[in-house]
Number of protein chains: 2
Amino acid sequence: MKRRRAATAFNTILKALERTTELPQLQLISEQLRDYFEVDHIVYHWVSGSGTQYGCGTYDDAWVQRYVDQDYLRVDPVVLGCFQRFTAVDWKKLNWTSKAARGFLEDAQAHGVGNQGFSVPVHGPNGQFALFSVNHDSDDDTWFEFIENNRRNLILVAHYFNEKALEFEPDRAPEATAALSPREVDAMTFLAMGYSRAQVADTLSISEHTLRVYIESARHKLGAANTTHAVARALQNGLIVI
Amino acid sequence: MKRRRAATAFNTILKALERTTELPQLQLISEQLRDYFEVDHIVYHWVSGSGTQYGCGTYDDAWVQRYVDQDYLRVDPVVLGCFQRFTAVDWKKLNWTSKAARGFLEDAQAHGVGNQGFSVPVHGPNGQFALFSVNHDSDDDTWFEFIENNRRNLILVAHYFNEKALEFEPDRAPEATAALSPREVDAMTFLAMGYSRAQVADTLSISEHTLRVYIESARHKLGAANTTHAVARALQNGLIVI
DNA sequence: AATTCCCTCCCCCAAAATAGCGGGAACCTT
DNA sequence: AAGGTTCCCGCTATTTTGGGGGAGGGAATT
C-alpha cells in the first residue's frame, strides 16, 4: 500500500492543524495559512442555530465586531448562499443583487475585505454548518488561477478546520438521544412526510391506537413537547431520514 | 499567490474525477483508485431517505446485490455509525456488538470484503449523506500506517466523489422551495422547537389568528400537508435552524 | 407610480392530536 | 430462565390544529 509523500510547507501546516488540541491555536494556523497561500485573509466561520456563531481568522477585529453587531449573518450572501450548497463557490457567483447584500459588500470592503473570495461550505451531522473562506484583493484572472491551483488544499483544510472546531466545541450536542425502536422510526418518518395519524396507521397496517402509543413513546424518548417537536428532533438527530 | 504543484498519479486520478461528466465513469475511477492505493476495495455509497441508495465501487456484484436484498442498509454499522458522525472512522472503532451486526460482518467477509476498513462520511445540505470507504485485508499495524499516510487523500476523494454523485443525481432537490418570509421563519422555528401555536403567538407578540396565517402561508409555500410536514421540510431545506 | 409582497387582525366548525388509564404476546439480551 | 423492549390493542376526555373565508396598512421592488 501507498507510503508517505514528500513533505511540503502545506503538509506541515496541515499536520499542525491535525495535532491541534486547543481552540486558540486555530487562529494561529489561519495566519500561517494566509502566509502560505499569500492571500489577504483566511477565515473559518461556524454557524449554529439561534444565531450562534464562532469564527477565527485574519479579518480585522473591527470587522468581526461589526459583523456581529449588525447581525450580518442574516444578510451575508456568502453564508446564505453556501448554507444550502455542498460545493465550494466563488463569491462572484453568489447573489449580490439585494439592497442589503450590496450594503454589506460596501461595508466589508471598507473594513479591508478583498474583492475576491472563495468559500468551502462544510456540513456536519445534525445540520451543523460552517464555512471556510479565502479572501484576497486581485483581478479576476489571477484569482481564478489561484483557485484552480489550490482548490484541493482549500477543501482539505476546510474539512480539518471543521473537524477541530467541532472537537473543541462543548456545544456538540452529545445528548445521547435514545435511539427509537423500528416502529417508532416508521411512525416518525411518515409523520415527517406529512402523513396524518390515520394515514400512517393505515400505511403501517396497525390500528391508530397503536400508532399513538409509538408516537407518545417517541415523544418521551426525544423529550419533545408535541409531535412536530418530536419529528424535528428526530430529523435533527439523524434518527429518521425522509 | 501559490502556483501549481507537481503532478502525481493521485493528482491525475483526482483531475479525472474533477472532470468527470458521467455517472458510469465514477465506477472506472473507483477502480483506478483501488489500484493506486493498492487496496482490495474502494466504495462510494450514497444514502438517501426511504432506503434509496446509490453505490459504485469495486465490491463484487453478488455482495452488492445481497446488501440490497437483505436490506443491510439498516444493519450495517458503518452506515449507522457514520450517519451521525462527521469525522472519518476506522471500522474497528464502530459498534459491532449487536447480533445483526455480527451476522452482517460474517456475510460480508464471505463475499470478499476485507477485515479492515476506513470510511469518510460526507454530509451535504438537506441532510444528504454519503460514505466513501476503503477496504482491505491486512493486519492492524499495516492498516494503521496506511490510513495515517493516506487519510488526507481519502478525505479529498470522498469530497469529490460526493460532489460528482450529487451533480449527476437528478433527485437533487431542485430547491424550488420558495424562501419564507421572516415571520414565517419565526413561526416555523418556534414550532420546530416544540412551542404550541398559543406559545408561539405569545412569544412573537401577535395574535394566534395572525400566527395561523403565517403557518398556513408557510405550509403552502413548502407544499406541506400539515404543520409537522412543513416544519420537517423547512428543516430539511435549511430554511430554519434550531 | 404601481404592484407585489409582508404584516396584522377577525370569523366559523370539523378534524386531529394529546393525556391518562388499562391489557397481553413476542422478541431480544443477560 | 428472567427481565427488559418492542409490539399490538382498547377506552374517554379535553385541547389543539386545519381549512376555508375577508380586510387594511406598510415596505420594498419594479
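Residue numbers begin at 1 in each chain, while the letters A, B, ... track the order of the sequences.
When heavy atoms are screened at a 4.0 angstrom cut-off, R197(B) is found touching base atoms of the nucleic acid. No engagement by S217(A) is indicated, since no non-hydrogen atom pair under 4.0 Å with the nucleic acid exists.
Within residues 198-209 of chain A, the residues having any heavy atom under 4.0 Å from DNA chain D are, by residue number, I206(A), S207(A), H209(A).
Aromatic ring pairs are classed by plane angle as parallel below 30°, tilted from 30° to 60° and perpendicular above 60°; the pair F104(B) and W63(B) is tilted. Relative ring orientation between H123(A) and F129(A) is described as tilted, the plane-to-plane angle lying within the 30° to 60° band.
Separating the CZ atom of R212(B) from the P atom of dT8(C) is a distance of 16 Å, rounded to the nearest angstrom. Atom-to-atom, CD of E216(A) to C1' of dA13(D) comes out at 14 Å; the value is rounded to the nearest Å.
Between K221(A) and dT6(D) there is a side-chain polar atom (N or O) within less than 4.0 angstrom of OP1 or OP2. One finds no side-chain N or O of Y214(B) lying less than 4.0 angstrom from the OP1 or OP2 phosphate oxygen of dC6(C).
Two residues, S196(A) and S181(B), neighbour DNA chain C, and the one matched to the more 5' nucleotide by heavy-atom proximity is S181(B). When each of P182(B) and N226(B) is assigned the nucleotide of DNA chain C with its nearest heavy atom, P182(B) is the one assigned upstream, toward the 5' end.
Contact of the V122(B) side chain with the H159(B) side chain is not registered, since no non-hydrogen atoms from C-beta on lie closer than 4.5 Å. At least one side-chain heavy atom of L239(A) sits less than 4.5 Å from a side-chain heavy atom of L222(A).
For the pairing with R34(B), the side chain to side chain contact (heavy atoms under 4.5 Å, CB included) check across T58(B), V43(B), D40(B) returns one residue only, T58(B).
A donor-acceptor contact closer than 3.5 angstrom is absent between the side chains of E163(A) and T87(B).
Of the candidates dA19(C), dG18(D), dT17(D), dA19(C) carries the atom nearest the R219(A) side chain, counting heavy atoms from C-beta on. When the nucleotides dC8(D), dT6(D), dA17(C) are ranked by their closest atom to the side chain of V213(A), dC8(D) comes out on top.
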